[in-house]
Amino acid sequence: MADAPLVVGIGGTIGAVSSTERALRIALDAAGREGFRTRLFGGEDMARLPLYDPRSTTRTHHEQDFVAAVRDASALIIASPGYHGSISGVVKNALDLLEETAKDARPYLADMPVGLIATAYGWQATGSTIAALRSIVHALRGWPTPFAAAINTQITKFDDQGGVTDPAVMEQLCMIGKQVARFAPLVDRTGR
Ligand SMILES: Cc1cc2nc3c(=O)[nH]c(=O)nc-3n(C[C@H](O)[C@H](O)[C@H](O)COP(=O)(O)O)c2cc1C
């Protein structure tokens, strides 16, 4: 298992139990069942990242750990709440840090399948948040996987056992894990 390809999850919110992070965990676990190692950077992890300063010549060990995990990853799953109709600042700050990979042999998210999840307290912001995430992944040269999950947390509730009130949402989150797992082995991680 130590040699298994890695799927990294980035997402969640800070300050309390996060439905976004719980949704992400379900999708990551589905990738894990396909034989992948998984690593989750949730709200608490992202809150430890300083605001990204592109000119800084030093990086904290939290920043280094995050960038190293993404460099090592064969696939990503990103989950954001809809905040004012788009992705949250916390998630965006983490993604901005990927600028550190600009000069890598495989820069940014090049050639990586990326699963997407958006939660919002209503439907409208789920769509705009997924659209924003897709644009960001394209800008980072990644490959958004075909299905993205839009979760309305006004009607869908998660529990701390990995359960969710709506079986269709469970199916959608598992599909995201399976889709990134299906495409990840096709990717040569050296970027050739
Ligand atoms: C600052 C802020 C802005 C928000 N903006 C929106 C919004 O524009 N549309 C919406 O439907 N929900 C909005 N919400 C609600 C969250 O998207 C929603 O509750 C989400 O599921 C929270 O995820 P969590 O449980 O992981 O914290 C906002 C919440 C916050 C705190």
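Note that ligands are numbered from 1 as they come in the structure, with each ligand's atoms numbered from 1 the same way.
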Problem set entry | Gln124, CD atom: more than 12 neighbouring heavy atoms under 6.0 Å |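 At most 12 heavy atoms, drawn from other residues, nucleotides or ligands, come within 6.0 Å of this atom.
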Exercise. If you draw a 6.0 Å radius around CD in Gln64, do more than 12 non-hydrogen atoms from other residues or ligands fall strictly inside?
Worked result: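 Yes, enclosed.
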For this session: For the pair Arg48 and Glu44, find out whether any cationic side-chain nitrogen is under 4.0 Å from an anionic carboxylate oxygen.
Result: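 Between Glu44 and Arg48 there is a salt bridge, with a charged N closer than 4.0 Å to a carboxylate O.
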Problem set entry | Salt-bridge contact Arg33-Asp29 (side-chain N to carboxylate O under 4.0 Å) |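 Not counted as a salt bridge, because no side-chain N and carboxylate O are separated by less than 4.0 Å.
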Problem set entry | Side-chain heavy-atom pair Leu95, Leu98 within 4.5 angstrom cut-off |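 A side-chain contact exists here, since the closest heavy-atom pair is under 4.5 Å.
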Problem set entry | Thr119 and Thr20: side chain donor to acceptor below 3.5 Å |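 Distance-only check passes for Thr119 and Thr20.
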Please tabulate, one line per pair, the protein nitrogen or oxygen atoms found under 3.5 angstrom from a nitrogen or oxygen of ligand 1, with distances to 0.1 Å, or say none if there are no such pairs.
unit_1	atom_1	unit_2	atom_2	d
ligand 1	5 (N)	Gly82	O	3.3
ligand 1	5 (N)	His84	N	2.8
ligand 1	8 (O)	His84	N	3.1
ligand 1	8 (O)	Gly85	N	3.1
ligand 1	11 (O)	Tyr121	N	3.1
ligand 1	11 (O)	Tyr121	O	3.3
ligand 1	12 (N)	Tyr121	N	3.2
ligand 1	14 (N)	Gly82	O	3.4
ligand 1	17 (O)	Gly82	O	2.7
ligand 1	21 (O)	Thr119	OG1	3.0
ligand 1	21 (O)	Thr153	OG1	2.8
ligand 1	23 (O)	Thr20	OG1	3.2
ligand 1	25 (O)	Ser19	N	3.0
ligand 1	25 (O)	Ser19	OG	2.5
ligand 1	26 (O)	Thr13	OG1	3.1
ligand 1	26 (O)	Ser18	OG	2.6
ligand 1	26 (O)	Ser19	N	3.1
ligand 1	26 (O)	Thr20	N	2.9
ligand 1	26 (O)	Thr20	OG1	2.6
ligand 1	27 (O)	Thr13	OG1	2.6

